[in-house]
Amino acid sequence: MGRKQVKLPPQKGSKARAEDKEKDSFFFFVKDQGTGAGRVAVIVLKVLELILTTIFAAVLGIFAPLCIWYGDFVAEEMAADPSAGWWLASSIVYIIGLFCVMLGKSKIATVIHVIAAIGTLVTYSCYTRLFEGYEGTGPTVLYMPSLFITVITIAIMLIINVPKWIDKHIEKMNEEAPSILGERTEKEKRR
C-alpha cells in the first residue's frame with residue numbers, strides 16, 4: 001500500500017504576504033490619509049466628522065425642516081419661510097461632502113463643505129430675519145454646529161496635502177538650483 005502524496009500549494013514569501021495584508025487591511029475607505037501622526041489625526045478627524053454629520057446633517061438637518069413644514073406645532077409663517085429649505089439643502093450638501101471625504105477626495109469635499117457652510121449662514125440670516133423682535137434667532141443650536149464639519153474638512157485637507165505641496169516645492173527648487181560643480185541643472189538638460 002502506497003501512501004497518497006498530497007501536493008500543498010507553495011508558501012508565500014513575506015513580501016507577498018505583506019502585499020496581501022495591505023490589500024485586505026482597513027484604511028477607512030482610502031489609503032491616502034497622510035503619514036505618521038498626520039495619518040492618525042486624519043482618521044480621528046474623519047470619525048469626528050462622521051459623528052457630527054450624522055447628528056447635525058442627517059438627523060437634525062433632515063428631520064427638523066420636515067417637522068417645521070409638516071408639524072402642527074409650528075406657526076404658519078415659520079413653515080412658509082424658505083429658511084427650512086435652505087437648512088435641508090445645506091444638510092444634504094454636507095452629507096455629499098462627507099462621502100467625498102471618505103473616498104479620499106479632500107479638496108472636492110472642502111469645496112462642497114464651504115458651499116454648505118454658505119447655505120448654513122444663509123439659513124442663519126433667514127432665521128434672524130424671521131425671529132426679529134423675538135428673543136433668540138430660532139433653532140441656531142440645531143444647524144450652526146454644522147460649520148464645524150467644514151472646519152474639520154479643511155483640517156483634513158491641509159493635513160493630507162500640505163506635506164505633498166512642501167515636497168513638490170522642495171523638488172521644484174532643487175531642479176531650478178544651479179549646481180556648484182558647474183553641472184547643468186535638470187531644467188537645462190531638458191532644453
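The shown structure was predicted, so the numbers you read here are calculated from the model rather than taken from an experiment.
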Starting from Ile154, can I reach Leu52 by hopping between I/L/V/M/F/W/Y residues whose side chains sit under 4.5 Å apart?
no
Applying side-chain contact (heavy atoms from CB on, under 4.5 Å), name anything that partners Leu60, two or more places apart in sequence or on another chain.
Ile55, Phe56, Leu142
Which heavy atom of Leu45 sits nearest a heavy atom of Ala155, and at what distance?
CD1-CB, 4.0 Å
Val59: hydrophobic cluster co-members (side-chain, 4.5 Å)
Phe63
Quick check: closest heavy atoms across Trp87 and Pro139, and the distance to 0.1 Å?
CZ3-CG, 4.0 Å
Going from NZ on Lys107 to CD1 on Ile112, what distance comes out if it is rounded to the nearest 0.5 angstrom?
14.5 Å
Over all atoms of both residues, closest heavy-atom pair of Ser106 and Thr153
O-CG2, 4.4 Å
I'd like to know if Leu121 and Ile118 are part of one continuous hydrophobic network [Ile/Leu/Val/Met/Phe/Trp/Tyr, side-chain heavy atoms within less than 4.5 Å].
no
Linked, directly or transitively: Val44 and Leu50 (ILVMFWY side chains, under 4.5 Å):
no
What pairs with Ser91 under side chain to side chain donor-acceptor pair (under 3.5 Å), at least two apart in sequence or on another chain?
none
Pairwise distance CD1(Ile43) to CD1(Ile159) - rounded to 0.5 angstrom:
11.0 Å
Once side-chain contact (heavy atoms from CB on, under 4.5 Å) is applied, do any residues pair with Val162, and if so which ones, sequence neighbours excluded?
Leu158, Trp165, Ile166
Minimal heavy-atom distance between Tyr124 and Thr128, with the atoms involved, is O-OG1, 2.6 Å
Let me confirm one number: the CE-CD distance from Met173 to Glu171, rounded to the nearest 0.5 Å.
12.5 Å
Do you know the tightest heavy-atom contact between Cys100 and Ile108?
SG-CG2, 4.2 Å
Do you reckon Ile92 sits in the same ILVMFWY cluster as Val111, going by side-chain contacts under 4.5 Å, direct or chained?
no
Treat each ILVMFWY residue as a node, draw an edge where side-chain heavy atoms are under 4.5 Å apart, and state whether Leu48 and Ile156 are in one component.
yes
Quick one: does Val101's side chain get under 4.5 Å of Ile152's, heavy atoms only?
no
Closest non-hydrogen atoms of Ile62 and Pro65, given as atom of the first, atom of the second and distance, are O-CD, 3.5 Å
Would you give me the side-chain donor-acceptor pairs under 3.5 Å for residues 144-151, sequence neighbours excluded?
from, atom 1, to, atom 2, distance (Å)
Ser146, OG, Tyr143, O, 3.2
Thr150, OG1, Tyr94, OH, 3.4
Thr150, OG1, His113, O, 3.0

Pairs meeting criterion side chain to side chain donor-acceptor pair (under 3.5 Å) with involvement of residues 54-71, two or more places apart
none
Measuring from Leu98:CG to Thr53:OG1, what's the distance to the nearest 0.5 Å?
4.5 Å
